[in-house]
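What follows is a set of notes on a single structure, which appears directly below.
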There are 2 protein chains.
Amino acid sequence: MSTTWLSDAEQTAWRSFITTLPDLTAAFETDLARHGLSMGDYEVLVFLSEAADNRMRMCDLAGGLRLSPSGLTRRLDGLVKVGWVERASCAADRRVMYAHLTPAGRAKMEEAAPDHVASVRRHFLEPLGTAGVGQLGELFAKVRDHLHSLQPV
Amino acid sequence: MSTTWLSDAEQTAWRSFITTLPDLTAAFETDLARHGLSMGDYEVLVFLSEAADNRMRMCDLAGGLRLSPSGLTRRLDGLVKVGWVERASCAADRRVMYAHLTPAGRAKMEEAAPDHVASVRRHFLEPLGTAGVGQLGELFAKVRDHLHSLQPV
DNA sequence: AGCCAATAGTTGTGATCACAATGATTGTGT
DNA sequence: ACACAATCATTGTGATCACAACTATTGGCT
């Protein structure tokens with residue numbers, strides 16, 4: 001039925017989703033803060049650590065992180081200041097700046113990653129259960145595909 | 001298995017979840033912006049419209065919205081400025097300020113709500129399918145209960 | 001070659017939010 | 001009655017982010 005309102009089942013599902021999200025991300029942020037990292041910082045390190053040569057162009061990184069160009073510029077400022085990332089210009093295209101993970105950045109990343117994984121497991125995956133994890137993956141894959149089909153990247 | 005890393009199934013589930021979320025909320029924000037509302041504003045109106053006498057104490061509202069007291073104060077400033085909410089002091093306890101939904105605020109809320117519901121349905125519930133909606137509700141209810149059992153409100 | 005649109009990154013500005021400090025009021029314990 | 005802790009809301013300050021404007025560079029088109 002496609003009325004203007006939600007059915008009871010839809011209502012409870014939507015509410016449990018939308019009310020749980022802030023608490024869930026707050027739990028992740030709190031756990032990561034013990035390493036002096038925000039989730040935003042951590043995700044930058046993850047992207048760079050998985051990239052070829054531990055570096056990415058700013059625009060690609062911004063796209064992957066769903067950050068605006070200016071947002072990434074300022075986020076990187078912080079990471080550069082503490083020495084986990086450095087900027088490197090590109091000889092082939094002088095418009096381009098690379099964000100490059102430093103050894104210190106990689107060390108910080110490897111220090112924090114196990115705790116973060118444990119945090120995700122403890123606050124999220126574990127309560128879902130093995131079957132629930134599989135369901136969750138399928139559900140959000142559907143949502144993602146639907147979003148991308150409407151608003152192609 | 002509780003290793004330091006995620007299994008493939010966990011990995012794909014977690015990634016599809018964490019990468020879809022920003023796009024999903026962006027879709028909701030975009031749709032709501034057609035009414036001049038942010039999701040934050042909209043949720044304030046929802047809470048007040050469902051409260052007794054269309055009003056709530058600031059501290060209760062902040063708790064419900066998962067906002068800090070200062071965050072709510074500033075968010076309310078904006079809503080008061082456009083006339084959708086007004087502040088009212090409490091005779092019984094003069095520390096307390098009520099946030100009170102105005103008729104204009106209720107009208108704005110009733111104008112935007114059907115579109116927002118349609119947005120939620122279109123971007124989220126519909127791709128999930130009927131069975132998926134039920135699964136989602138159960139999954140996040142488990143996560144919520146787990147979070148609250150660890151960090152009681 | 002030369003013009004011009006497209007791309008890459010930064011900076012100015014304003015919005016949103018949290019933390020800490022402050023002021024005002026309430027309630028509790030003695 | 002009175003002191004003191006707790007509660008409620010706001011303000012000062014700083015962090016994060018997006019949008020718009022800007023500079024620099026590149027690549028396509030004539």
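As a basis for the values below, the full set of heavy atoms in this structure was taken, side chains included, without hydrogen atoms, waters or symmetry mates. A note on names: the letters A, B, ... follow the listed sequences, proteins ahead of strands, and every chain is numbered from 1.
Legend: side-chain hydrogen bond (donor to acceptor under 3.5 Å, both in side chains) pairs involving residues 133-142 of chain A, not counting sequence neighbours: none detected.
Remark: the Thr20(B) side chain and the Asp23(B) side chain contain no N/O donor-acceptor pair separated by less than 3.5 Å. Side-chain polar atoms of His35(A) and Asp115(A) form a donor-acceptor pair below 3.5 angstrom. Checked by atom type, the side-chain pair His116(B)/Asp31(B) shows no donor-acceptor distance below 3.5 Å.
What separates CZ of Arg75(B) from C1' of dT11(D) is a distance of 18 Å, to the nearest Å. Protein atom CG of Asp77(A) is 18 Å distant from nucleotide atom P of dG14(D), rounded to whole Å. We find that NZ of Lys81(B) is positioned 13 Å from P of dG14(C), with the value rounded to whole Å. Rounded to an integer number of Å, the gap from CG of Leu37(B) to P of dA15(C) is 16 Å. Across the protein-nucleic acid pair, Leu76(A) atom CG and dC17(D) atom P stand 12 Å apart, rounded to whole Å. Distance Leu65(A) CG to dC17(D) C1': 13 Å, rounded to the nearest Å. Remark: C1' of dT16(D) and CG of Leu79(A) are 13 Å apart, rounded to the nearest angstrom.
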Checklist entry - Reading nucleotides 18-25 of chain C 5' to 3', which nucleotides get B (base under 4.0 Å from a protein heavy atom), which S (sugar-phosphate only), which -? => result BB-----B
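With respect to the salt-bridge test (charged N to carboxylate O, under 4.0 angstrom), the residues Arg15(A) and Glu50(B) qualify.
With a 4.5 Å cut-off on side-chain heavy atoms, Leu45(A) and Leu37(A) count as touching.
Residue order along DNA chain D, read from the 5' end via each residue's closest nucleotide, puts Ser38(A) first among Ala91(A) and Ser38(A).
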Next on the checklist: One pair to check against ring pair (Phe, Tyr, Trp, His ring centres under 6.0 Å): Phe17(B) and Phe124(A). What are the steps and the verdict?
Outcome noted: CA-CA 11 Å; Phe17(B) 174 68; Phe124(A) 192 47; 4.7 Å; yes
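Residues Leu79(B) and Met109(B) share a hydrophobic cluster, clusters being chains of Ile/Leu/Val/Met/Phe/Trp/Tyr side chains in contact below 4.5 Å. Placement of Leu21(B) and Trp14(B) within a single hydrophobic cluster is found when ILVMFWY residues are connected by side-chain heavy-atom separations under 4.5 Å, directly or transitively.
Heavy-atom distances under 4.0 Å link DNA chain C to no residue of residues 44-59 of chain B.
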